Amino acid sequence: MVLVHHQTHHHPTTSGSGSLLERADLSHPIPENARKLAQLVEYDESRVEMGTHSVFVREARPPGAHYAKATVLFLHGQSFSSATWTENDLLRTFAALGYRAIAIDLPGSGQTRGPSLSQSQKPTFLMDFIETLGLKQVMIVSASMSAQFVIPLMTSSRHLSCVVLVAPSNTHEVLNPSSYVVPTLVLWGERDTSLGPTAAANLKNLPTVKLQKIPDAGHACYLHNPKCFENLCVNFFDLIRSYHH
């Protein structure tokens with residue numbers, strides 16, 4: 001067996017943004033007035049019909065008629081539903097900060113009707129959902145098992161502008177890290193001793209990645225330490241948006 005060493009050439013912006021992301025301080029607190037504003041945000045519930053699935057959607061939009069900076073799509077973990085993102089006013093806080101925040105019940109969970117999906121069908125389902133809503137350049141927050149929907153799509157930036165993977169599953173399937181071009185923030189709670197540290201080890205060589213442990217939190221770190229979780233996500237989103245403009 002001959003091992004050929006391939007030289008990897010980074011596009012200047014990629015390696016630049018990678019190191020910039022690594023150095024970035026994502027802990028700036030969300031302004032208090034945004035948290036107050038979150039109380040004024042209303043939830044919309046709707047269904048999106050997609051062939052065999054009727055997908056239940058919760059959505060929070062920026063208050064007033066403000067144009068959304070970007071769309072953030074929240075995907076829950078196994079044995080959860082989209083309701084997990086309404087706890088602690090999470091979706092409303094993102095909306096108050098100017099993001100269109102969408103959380104869905106994944107097939108086989110919550111109020112979404114239709115068959116459960118095999119692992120290989122999951123990325124296609126997510127792509128179809130994004131296209132059905134006519135979304136461009138989505139930011140994704142994916143918890144735990146929902147990484148199965150997201151990781152295979154991260155080799156192309158056609159649909160995704162960035163991804164937050166929260167203690168993601170299936171990271172052992174990332175065999176060629178340099179091909180995963182979508183900027184990624186990997187978060188996990190400090191008390192998470194299984195998926196979180198494994199994911200951090202498996203994803204540390206992505207071209208543009210930041211690994212961040214959340215204090216005082218277990219596996220569902222967004223429920224245990226929501227303020228820290230929100231700060232990290234929002235600062236990451238703002239940083240990504242400042243690159244793309």
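Small disclaimer: the values here were computed from a predicted structure and weren't measured.
Contact annotation: the side chain of Leu187 approaches that of Val164 to within less than 4.5 Å [non-hydrogen atoms, C-beta and beyond]. Residues Val166 and Phe229 have side chains in contact (heavy-atom distance under 4.5 Å, counting atoms from C-beta outward). In this structure the side chain of Leu106 reaches within 4.5 angstrom of the side chain of Ser146, judged on heavy atoms. Taking 4.5 Å as the limit, some side-chain heavy atom of Ser142 sits within range of a side-chain heavy atom of Val150. Side-chain contact between Glu173 and Leu175 is absent, with no heavy-atom pair separated by less than 4.5 Å. Phe236 is not listed as a side-chain neighbour of Met139, based on a closest heavy-atom distance of 4.5 Å or more. Using a 4.5 Å heavy-atom cutoff, the side chains of Leu126 and Lys122 are not in contact. Residues Tyr180 and Ile151 meet the side-chain proximity criterion, which asks for heavy atoms closer than 4.5 Å.
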Criterion side-chain contact (heavy atoms from CB on, under 4.5 Å) on Phe129 and Val57, from CA distance to verdict: CA-CA 11 Å; Phe129 179 80; Val57 178; 4.0 Å; yes
Residue pair Ile140, Leu160: steps toward the side-chain contact (heavy atoms from CB on, under 4.5 Å) verdict: CA-CA 7 Å; Ile140 293 201; Leu160 313 183; 3.6 Å; yes
side-chain contact (heavy atoms from CB on, under 4.5 Å) evaluation trace for His159 with Met127: CA-CA 8 Å; His159 288 93; Met127 211 157 52; 3.3 Å; yes
Step-by-step side-chain contact (heavy atoms from CB on, under 4.5 Å) determination, Phe74 to Thr86: CA-CA 10 Å; Phe74 292 82; Thr86 62; over 6 Å; no
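Heavy-atom contacts from other residues, nucleotides or ligands closer than 6.0 Å to CD of Gln39 number more than 12.
Of the inter-residue distances, the one linking Ile214 atom CD1 with Trp188 atom CH2 reads 9.5 Å to the nearest 0.5 angstrom. For the atom pair Leu135 CG and Leu73 CG, the distance stands at 7.5 Å (nearest 0.5 Å). Of the inter-residue distances, the one linking Leu195 atom CG with Leu165 atom CG reads 11.5 Å to the nearest 0.5 angstrom. Note that the CZ atom of Arg191 and the NE2 atom of His224 stand 6.5 Å from one another [nearest 0.5 Å]. Between the CG atom in Leu232 and the NZ atom in Lys227 there is a gap of 14.0 Å [rounded to 0.5 Å].
Using modelled atom types, no side-chain atom of Lys210 and backbone atom of Thr184 make a donor-acceptor pair closer than 3.5 Å. The backbone N or O of Thr71 sits nowhere less than 3.5 Å from a side-chain atom of Arg100 that would complete a donor-acceptor pair. Of the possible donor and acceptor atoms, none in the side chain of Asn88 sits under 3.5 Å from a partner among the backbone N and O of Leu90. Put simply, the side chain of Lys213 never gets that close to the backbone of Pro197: no donor and acceptor are under 3.5 Å apart.
Looking at Asp44 and Ser46, their side chains never bring a donor and an acceptor atom within 3.5 Å of each other. A donor-acceptor contact closer than 3.5 angstrom links the side chains of Ser118 and Gln121. Side-chain contact, Asp192 with His219: a donor N or O sits under 3.5 Å from an acceptor N or O. A donor and an acceptor atom, one from each side chain of Ser82 and Asp105, are located under 3.5 Å apart.
If you chain together hydrophobic residues whose side chains sit under 4.5 Å apart, Leu153 and Val55 fall into the same group. Cluster membership for Ile30 and Leu37, using ILVMFWY side-chain heavy atoms within less than 4.5 angstrom, is not shared. Val186 and Met145 end up in different hydrophobic clusters when Ile, Leu, Val, Met, Phe, Trp and Tyr side chains are linked at under 4.5 Å.
Salt-bridge formation is not detected for the pair Glu49/Arg47: no Lys NZ or Arg NE/NH1/NH2 atom is positioned less than 4.0 Å from an Asp or Glu carboxylate oxygen. Contact check on Glu131 versus Lys136 returns no salt bridge, with no Lys/Arg side-chain nitrogen under 4.0 Å from an Asp/Glu carboxylate oxygen. Under a 4.0 Å N-O distance rule, the pair Arg35/Glu230 qualifies as a salt bridge. In summary, Glu45 and Arg58 engage in a salt bridge, as defined by a charged side-chain N under 4.0 Å from a carboxylate O.
Checked options Val141, Thr208, Ile240; the residue passing with Cys162 is Ile240 (criterion: side chain to side chain contact (heavy atoms under 4.5 Å, CB included)). Just one residue in the list Asn235, Val163, Leu26 forms a side chain to side chain contact (heavy atoms under 4.5 Å, CB included) with Leu185, and that residue is Leu26.
Taking the six-membered ring wherever Trp is involved, the centroid distance between the rings of Trp85 and Tyr222 falls below 6.0 Å.
Nearest heavy atom pair, residue Lys204 against residue Val209, reads O-CG1, 3.7 Å. Taking all atoms of both residues into account, the shortest heavy-atom contact from Pro177 to Pro207 is O-CD, 3.3 Å. Considering all non-hydrogen atoms of both residues, His76 and Thr84 come closest at CB-CG2, 3.9 Å. Taking each heavy atom of Ala217 and Cys221 in turn, the nearest pair found is CB-CB, 3.6 Å. Heavy-atom minimum distance, Thr198 versus Thr171: O-OG1, 4.1 Å. For Ser144 against Gly77, the heavy-atom pair with the smallest separation is CB-CA, 4.2 Å.
Taking the six-membered ring where tryptophan is involved, the planes of His53 and Phe125 are perpendicular, since the angle between them exceeds 60° and thus also 30°.
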